[in-house]
Amino acid sequence: MSETAVGRTARARAAAAGVRTARKSLGSPLGSLVVIVVTVLWTIPTFGLLATSLRPKQDVASSGWWEVFVHPDLTLSNYHTVLFEGGFSVSGGLMPYLVNSLAISLPATLFPLVLAAMAAYVLAWVRFKGSDTVFFVIFALQVVPLQMALIPLLRLFSGGAHLGSLTIVPAVDLSGTYAPVWLAHTMFALPLATFLLHNFISQLPRDLMEAAVVDGASHFRIFTSIVLPLCTPALASFAIFQFLWVWNDLLVALTFAGGSADVAPMTARLAQLSGSFGGRWELLTAGAFLSLIVPLAVFFALQRFFVRGLLAGSVKG
């Protein structure tokens with residue numbers, strides 16, 4: 001065995017030992033106590049948010065949410081107001097914005113996931129001249145601040161790109177559509193997604209890939225039949241992060257979608273619920289709790305893949 005192989009074996013054993021130690025620590029009484037304390041600290045504010053959203057306006061204005069244990073006067077009128085009637089000084093409910101958030105978040109998660117998976121496979125297993133340079137350039141794009149790219153990208157969408165009298169990129173009228181938000185989120189997510197998926201895909205067994213090539217499988221067949229099923233944990237992990245980022249985003253949505261009910265997401269609407277002076281907490285907490293339901297459902301649906309994706313590659317040489 002070569003020195004490199006020995007080093008890889010040693011690192012693999014050390015990583016495996018670290019994973020086993022972490023699991024034993026979490027399984028010990030002290031580890032269980034830490035998990036319980038962290039869970040309680042995370043649950044208390046969430047329960048307070050739920051309790052406030054279920055209390056009448058006068059109770060929210062006069063006492064804290066913990067009074068719900070003494071005076072459990074609960075109502076669903078706040079949710080009805082937020083969803084179908086509107087909030088402070090703004091007409092219209094939250095339901096159209098909730099639909100917009102889904103229409104933005106789902107494609108803005110799938111587009112970078114599909115493109116990054118294909119790019120990661122090509123950079124990992126289809127060797128060509130300059131492939132390493134391309135990978136490092138993609139990796140380096142992560143240092144570009146999001147805030148710095150928003151205005152140039154907005155001007156590119158609205159006015160195109162010109163070099164003197166030569167039009168490099170024509171102006172495209174995308175106002176009033178979801179397309180600018182999809183494109184922006186896809187562009188900003190691709191560098192990190194390609195980097196993470198490349199590291200996972202490059203660790204797949206070489207013997208498996210070579211056997212598929214010997215059997216006459218094309219790159220498309222290898223990618224769809226071998227790589228994608230094996231990369232399900234990594235894909236699910238990134239999908240969770242990307243969905244949560246897009247769902248909770250406000251800056252990109254305001255820049256490219258504006259505040260109209262046609263394309264604006266729920267975060268833009270939530271910013272208007274409390275009014276100019278921070279009142280109507282019962283409506284704001286109801287809207288905020290509604291915004292938690294979908295991300296929680298996505299996380300719990302994919303959590304088994306999420307844990308496997310985080311640990312994937314930690315025991316490989």
Side-chain angles (χ1 to χ4, degrees), residues 82-83 86-87 89-119 137-163 167-196 238-274 276 284 287-288 290-295 298:
V82 167
L83 282 174
S89 71
V90 180
S91 61
L94 191 66
M95 186 60 70
Y97 298 88
L98 177 61
V99 175
N100 290 340
S101 289
L102 290 173
I104 290 173
S105 300
L106 293 177
T109 301
L110 293 177
F111 291 162
L113 198 63
V114 173
L115 295 176
M118 292 189 292
V137 168
I138 293 176
F139 174 73
L141 288 175
Q142 297 180 65
V143 305
V144 178
L146 169 66
Q147 296 80 1
M148 182 183 296
L150 289 179
I151 301 304
L153 192 58
L154 181 62
R155 295 186 63 181
L156 178 65
F157 289 157
S158 60
H162 306 276
L163 183 60
T167 300
I168 301 176
V169 179
V172 181
D173 185 13
L174 299 177
S175 59
T177 65
Y178 299 120
V181 190
W182 292 341
L183 292 173
H185 280 300
T186 301
M187 293 177 183
F188 297 138
L190 275 176
L192 179 60
T194 304
F195 172 72
L196 294 178
F238 177 77
I240 291 175
F241 283 120
Q242 178 66 5
F243 183 87
L244 295 181
W245 158 251
V246 177
W247 181 268
N248 295 318
D249 169 73
L250 176 62
L251 179 60
V252 175
L254 286 179
T255 303
F256 296 100
S260 65
D262 295 332
V263 294
M266 188 164 53
T267 50
R269 176 65 171 145
L270 289 177
Q272 304 169 357
L273 283 178
S274 61
S276 302
L284 183 60
L290 286 173
S291 69
L292 290 175
I293 296 177
V294 175
V298 171

Step-by-step side chain to side chain contact (heavy atoms under 4.5 Å, CB included) determination, Q147 to L251: CA-CA 9 Å; Q147 296 80 1; L251 179 60; 4.0 Å; yes

Separation between [atom1] of [X] and [atom2] of [Y], rounded to the nearest 0.5 Å:
X	Y	atom1	atom2	answer
S105	W247	OG	CH2	5.5 Å
Q242	L110	CD	CG	10.0 Å
Y178	L106	OH	CG	11.0 Å
L153	T255	CG	OG1	9.5 Å
L115	M187	CG	CE	11.0 Å
M266	N248	CE	CG	8.5 Å

Parallel, tilted or perpendicular: rings of F111 and W182 (30°, 60°):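 Rings of W182 and F111: perpendicular, over 60°.
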
Which pair of heavy atoms, one from [X] and one from [Y], lies closest together, and at what distance?
X	Y	result
L94	G287	CD2-CA, 4.2 Å
F238	A193	CZ-CB, 3.2 Å
N100	P265	CB-CA, 4.2 Å
L190	P112	CD2-O, 3.7 Å
T267	D249	OG1-O, 2.7 Å
A264	Y97	O-CD2, 3.4 Å

Min side-chain heavy-atom separation V252-L146 under 4.5 Å: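 Heavy-atom side-chain distance check passes, below 4.5 Å.
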
Student check: side-chain heavy atoms of L196 and F241 closer than 4.5 Å: no

F256 and F157: CA distance, side-chain angles, deciding distance, side chain to side chain contact (heavy atoms under 4.5 Å, CB included) verdict: CA-CA 9 Å; F256 296 100; F157 289 157; 3.7 Å; yes

Evaluation steps, side chain to side chain contact (heavy atoms under 4.5 Å, CB included), between V294 and L102: CA-CA 9 Å; V294 175; L102 290 173; 4.1 Å; yes

